[in-house]
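The next block holds one structure in the form of structure tokens; read it before the comments.
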Amino acid sequence: MKHSIDTLQKDIESFAITGNDTLEEFRLTHLVRKGSIANLFKQLKDVSPDERRAVGQLLNALKTAAEEKYEDAKARLASSAASSGKRLIDLTLPGRTQFPGSEHPVQKVLGDMKQIFAAMGFSIETGPELECGTYNFDKLNFPPDHPARDMQDTFFIRIGGEHDDDVLLRTHTSPVQIRVMLDKKPPIRVICPGKVYRNEAISSRSYCVFHQLEGLYIDTHVSFADLKATIYSFARQMFGPDVQLRFRPSFFPFTEPSAEVDVTCYLCNGKGCKVCKQSGWLEILGCGMVHPNVLRDCGIDSEKYSGYAFGMGVDRTALLRYKIDDIRLLFENDIRMLDQFMQ
Ligand code: 2NL
């Protein structure tokens with residue numbers, strides 16, 4: 001009997017469990033009710049009573065060892081199956097293409113504008129796109145009945161189910177400059193770039209979102225001559241050293257006097273073409289001396305300080321520079337358009 005146990009123990013120890021088939025073979029050979037171990041237990045009754053206890057202990061130890069070997073092998077096979085699944089590489093798959101991305105044409109133009117003004121000492125300020133009517137209109141000297149305050153022209157925001165006419169998507173970046181004036185003492189020299197929103201009829205030339213860059217300079221003795229010099233310097237760097245400028249009188253509620261500025265058409269050099277409608281001029285910005293009411297309402301003494309401000313659209317310059325014929329292309333983010341701006 002002891003010899004049989006020894007032989008079986010060697011068999012069990014040397015049994016190589018290499019996969020699920022041999023694992024099952026091991027179980028069927030040794031662990032089932034009619035297997036090798038159970039078979040030896042049956043022979044226990046033939047062992048003499050004084051040896052039976054010791055032989056029984058040997059058999060029990062062998063049974064435990066066989067069960068452990070089985071469970072260990074089972075766990076090992078399960079975990080190696082899981083990790084080899086992770087490591088499996090299908091070499092027939094196509095490679096993964098990298099899309100490095102590119103700077104949006106609007107951001108390229110905006111970047112050039114920011115750089116020119118930063119070199120002249122302007123710092124860059126940003127603010128919220130969701131504004132209150134006070135900063136977007138009232139503090140900019142808009143009269144209460146101004147058409148820009150109309151529901152048809154501006155996106156007012158409904159809050160808590162009630163129409164609240166004091167929260168809106170900003171229609172220009174001027175409220176950022178209002179925030180700067182309320183926050184800081186002159187001298188102030190900032191540019192404010194960003195998205196603005198107007199409820200336009202959408203077409204190839206106008207969209208409900210577009211980009212603006214506004215500028216503000218407030219100090220003692222700031223004059224219209226300072227404004228002109230700054231705009232001239234900007235235009236020459238932006239559109240070329242030979243560009244000519246034309247200041248036309250205009251009106252904005254927040255500046256007095258006000259002007260609109262044209263540059264010689266940089267597509268036809270002022271000769272006249274389809275884009276400038278044969279005039280030879282392109283309108284690039286609006287500007288003026290900050291209205292004393294605006295300074296007063298922002299807590300700045302208009303007897304002591306004066307300032308100029310200007311505002312320009314960014315998208316139109318991007319369309320002209322890159323010969324894009326539909327403004328909507330700037331907002332659809334179609335890869336076929338964007339990847340043409342990859343260097
Ligand atoms: C345009 C005209 C302009 C301003 C913007 C401004 C801001 C403050 C005070 C006074 Cl806080 N003015 N901004 C001034 C004149 C013109 O924009 O045609 N923009 C596209």
Side-chain angles (χ1 to χ4, degrees), residues 106 109-110 113 117 122-128 131-143 146 148 153-154 170-198 200 205-207 209-219 222 224 226-228 230-231 234-235 238 245-263 281-300 302 305-320 327:
V106 167
V109 170
L110 205 44
M113 291 174 169
F117 285 111
F122 287 80
S123 53
I124 300 168
E125 292 281 349
T126 55
E131 260 297 354
C132 60
T134 317
Y135 289 181
N136 195 83
F137 295 127
D138 298 334
K139 285 200 179 292
L140 285 154
N141 200 37
F142 278 73
H146 193 280
D153 293 344
T154 300
R170 67 182 184 192
T171 61
H172 41 198
T173 54
S174 313
V176 182
Q177 286 138 287
I178 295 295
R179 286 165 182 274
V180 171
M181 285 191 278
L182 289 168
D183 249 35
K184 297 185 177 124
K185 286 192 169 66
I188 289 169
R189 189 156 51 187
V190 291
I191 52 165
C192 306
K195 284 194 184 72
V196 300
Y197 301 84
R198 287 184 201 171
E200 305 268 354
R205 269 180 284 177
S206 53
Y207 199 62
V209 193
F210 53 99
H211 298 79
Q212 246 196 351
L213 182 137
E214 287 198 37
L216 176 72
Y217 176 37
I218 297 171
D219 205 341
V222 176
F224 203 95
D226 298 317
L227 170 61
K228 279 187 86 171
T230 307
I231 299 303
F234 164 74
M238 188 75 194
L245 270 72
R246 186 167 80 169
F247 281 70
R248 285 180 286 107
S250 185
F251 176 82
F252 303 109
F254 31 85
T255 45
E256 183 59 37
S258 308
E260 279 170 294
V261 180
D262 304 333
V263 292
W281 295 99
L282 292 173
E283 187 189 320
I284 56 155
L285 58 83
C287 59
M289 302 307 292
V290 179
H291 198 289
N293 290 355
V294 175
L295 293 174
R296 179 197 65 206
D297 291 348
C298 292
I300 293 172
S302 64
Y305 293 105
S306 58
Y308 65 70
F310 55 85
M312 64 186 88
V314 183
D315 311 77
R316 203 167 101 88
T317 301
L319 297 184
L320 292 172
I327 193 170

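If you're wondering where the values come from, they're calculated on a predicted model, not measured in any experiment. Each residue takes its place number in the sequence, starting with 1. Ligands are counted one by one from 1 in listed order, and the atoms in each one are counted from 1 as well.
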Report the part of [X] in contact with ligand 1, treating N, CA, C, O as backbone and CB onward as side chain, heavy atoms under 4.0 Å; options are side chain, backbone, both, neither.
| X | result |
| --- | --- |
| Phe252 | side chain |
| Met181 | side chain |
| Cys287 | backbone |
| Leu140 | side chain |

Nearest-neighbour protein heavy atom for [atom], which is reported as residue plus atom name and distance:
| atom | result |
| --- | --- |
| atom 17 (O) of ligand 1 | Gly311 CA, 3.4 Å |
| atom 20 (C) of ligand 1 | Gln212 NE2, 3.4 Å |
| atom 13 (N) of ligand 1 | Glu214 OE1, 2.8 Å |
| atom 6 (C) of ligand 1 | Ala309 CB, 3.4 Å |
| atom 18 (O) of ligand 1 | Gly286 N, 3.8 Å |

Non-hydrogen atom of His172 closer than 4.0 Å to ligand 1: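 No, that is not the case, since the closest heavy atom of the residue is not under 4.0 Å from the ligand.
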List for me each residue that meets side chain to side chain contact (heavy atoms under 4.5 Å, CB included) alongside Pro143, sequence neighbours excluded, and say none if there are none. Asp145, His146
Out of Thr134, Asn141, Asn136, which one pairs with Asp138 under the side-chain contact (heavy atoms from CB on, under 4.5 Å) rule?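 Testing Asp138 for a side-chain contact (heavy atoms from CB on, under 4.5 Å) against Thr134, Asn141, Asn136 leaves exactly one candidate, Thr134.
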Salt bridge check: are Glu283 and Arg248 linked by an N-O gap of less than 4.0 Å?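 Arg248 and Glu283: salt-bridged.
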Glu200 bridged to Arg205 by N-O distance under 4.0 Å: no
Quick check on contacts: which atoms of ligand 1 are under 4.0 angstrom from a heavy atom of Thr255?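 What qualifies from ligand 1 is 10 (C), 12 (N), 14 (C), 15 (C).
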Here the side chain to side chain donor-acceptor pair (under 3.5 Å) pairs for residues 180-190, sequence neighbours left out, are Glu125-Lys184
